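In this chain, numbering begins with 1 at the start of the sequence shown. Predicted model, so just to flag it, every value in this text is computed and none were measured.
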Amino acid sequence: MTHRIRPSQPDDIPALAGIWHDGWHEAHAAYVPAALTALRTLPDFGRRLRAMGDDLRVAGPIGAPIGFCAILKDELYQLYVAPAGRGTGLAASLVADAEARIAQAGYRAAHLACGLENNVAAGFYRRQGWTEEGVVEVALDTSSGPFPLPVRRFVKPVLAR
């Protein structure tokens, strides 16, 4: 199935914040430090989404998106799909869009961070052609400043040769 991926609009932010909040808590809250979970509030997800600007792309109607991806330079920075969009190929379409945008920016390879215990996501990324490189520590964006957390690092070549 082909999904139309589009730039985000201001009216998308409330729904996207809800998707991200719910998806993040579903995938990570049981495994990360409680101090990080306490910082992952609905308003904070909205703050972070607004800061992404043109690096944020979505699928679904304006004001009612069902998924999003964001890049940060050569990183597939965030990927979340609402339950209604799961199993439809939307996540793969969002990843392909992110990879293309990273390549268009001139990068030869992309990387992403995946939670240590998030085996569902890790399996998905492998099926999309990503290779796990090992564990690295990243500084997560929070309203209280950077939060260090070990994650799995995945990489993938993206620039056509």
Side-chain angles (χ1 to χ4, degrees), residues 1 3-99 101-102 110-128 130 135-154:
M1 174 182 258
H3 298 276
R4 183 176 166 272
I5 311 299
R6 63 176 176 78
S8 67
Q9 302 296 315
D11 287 346
D12 294 324
I13 299 300
L16 293 174
I19 291 168
W20 195 3
H21 176 271
D22 294 350
W24 188 93
H25 282 270
E26 176 186 346
H28 302 292
Y31 305 108
V32 300
L36 177 58
T37 300
L39 294 168
R40 294 304 195 216
T41 65
L42 191 58
D44 196 56
F45 285 114
R47 170 193 68 83
R48 294 172 63 205
L49 285 160
R50 284 186 292 281
M52 291 177 187
D54 293 338
D55 293 329
L56 176 62
R57 303 278 302 234
V58 304
I62 293 174
I66 59 169
F68 73 93
C69 66
I71 61 172
L72 182 61
K73 298 180 183 173
D74 62 342
E75 180 180 9
L76 194 167
Y77 178 58
Q78 300 296 333
L79 172 69
Y80 283 87
V81 174
R86 295 179 189 166
T88 67
L90 176 56
S93 294
L94 289 165
V95 168
D97 178 78
E99 291 170 1
R101 290 186 291 136
I102 291 168
H111 69 96
L112 63 84
C114 179
L116 293 178
E117 293 83 6
N118 196 343
N119 295 319
V120 171
F124 168 77
Y125 292 126
R126 283 189 199 96
R127 289 189 302 279
Q128 301 306 307
W130 292 73
V135 176
V136 298
E137 186 172 283
V138 296
L140 301 178
D141 175 26
T142 76
S143 58
S144 294
F147 191 103
L149 188 73
V151 296
R152 297 152 99 166
R153 179 182 166 91
F154 282 78

**Asked** Tyr125 vs Phe154 aromatic rings, parallel, tilted or perpendicular, using cut-offs 30° and 60°?
**Response** tilted
To the nearest 0.5 Å, atom CG of Asp22 lies from atom CG of Leu42 at 8.0 Å
In terms of heavy-atom contacts, Val151 and Ala113 come closest through CG2-CB, 3.6 Å
To the nearest 0.5 Å, atom CG of Leu72 lies from atom CD1 of Ile102 at 9.5 Å
Nearest heavy-atom contact between Pro14 and Pro10 is CD-O, 3.9 Å
Correct closest heavy-atom pair for Pro65 and Asp12 would be CD-OD1, 3.8 Å
Closest non-hydrogen atoms of Cys69 and Arg101, given as atom of the first, atom of the second and distance, are SG-NH2, 3.4 Å
Rounding to 0.5 Å, atoms CG (Leu49) and CD1 (Ile13) come to a distance of 5.0 Å
Problem set entry | Asp141/Tyr77 under side-chain contact (heavy atoms from CB on, under 4.5 Å): CA gap, chis, key distance, verdict | CA-CA 11 Å; Asp141 175 26; Tyr77 178 58; 4.0 Å; yes
Discussion item. So does Asp44 get a backbone contact from the side chain of Arg48, meaning a donor-acceptor N/O pair under 3.5 Å?
Written reply: no
Hey, what's the ring geometry for His28 with Tyr80, parallel, tilted or perpendicular (30° and 60° as the breaks)?
perpendicular
In this structure, CG of Leu36 is separated from CG of Leu140 (nearest 0.5 Å) by 6.0 Å
Leu116 and Arg152 have their tightest heavy-atom pair at O-NH1, 3.1 Å
Taking distance alone, no hydrogens or angles, what donor-acceptor pairs closer than 3.5 Å link side-chain atoms of residues 52-61 to residues at least two apart or in another chain?
unit_1: Arg57; atom_1: NH2; unit_2: Ile5; atom_2: O; d: 3.1
unit_1: Arg57; atom_1: NH2; unit_2: Asp97; atom_2: OD1; d: 3.4

Are the side chain of His3 and the backbone N or O of Thr88 linked by a donor-acceptor pair below 3.5 Å? yes
Sorted by chain and number, sequence neighbours left out, side chain to side chain donor-acceptor pair (under 3.5 Å) with Arg86 holds for Glu26
Below 30° counts as parallel, above 60° as perpendicular, anything between as tilted: where do the rings of His25 and Phe45 land? perpendicular
SG (Cys114) and CG (Leu76) are apart, to the nearest 0.5 Å, by 11.0 Å
Handout entry: Distance-only donor-acceptor check, side chains Gln78 and Trp24, under 3.5 Å
Key = no
Smallest heavy-atom separation, Thr142 atom then Arg40 atom, equals CG2-NH1, 3.8 Å
NE2 (His111) and CG (Asp74) are apart, to the nearest 0.5 Å, by 4.0 Å
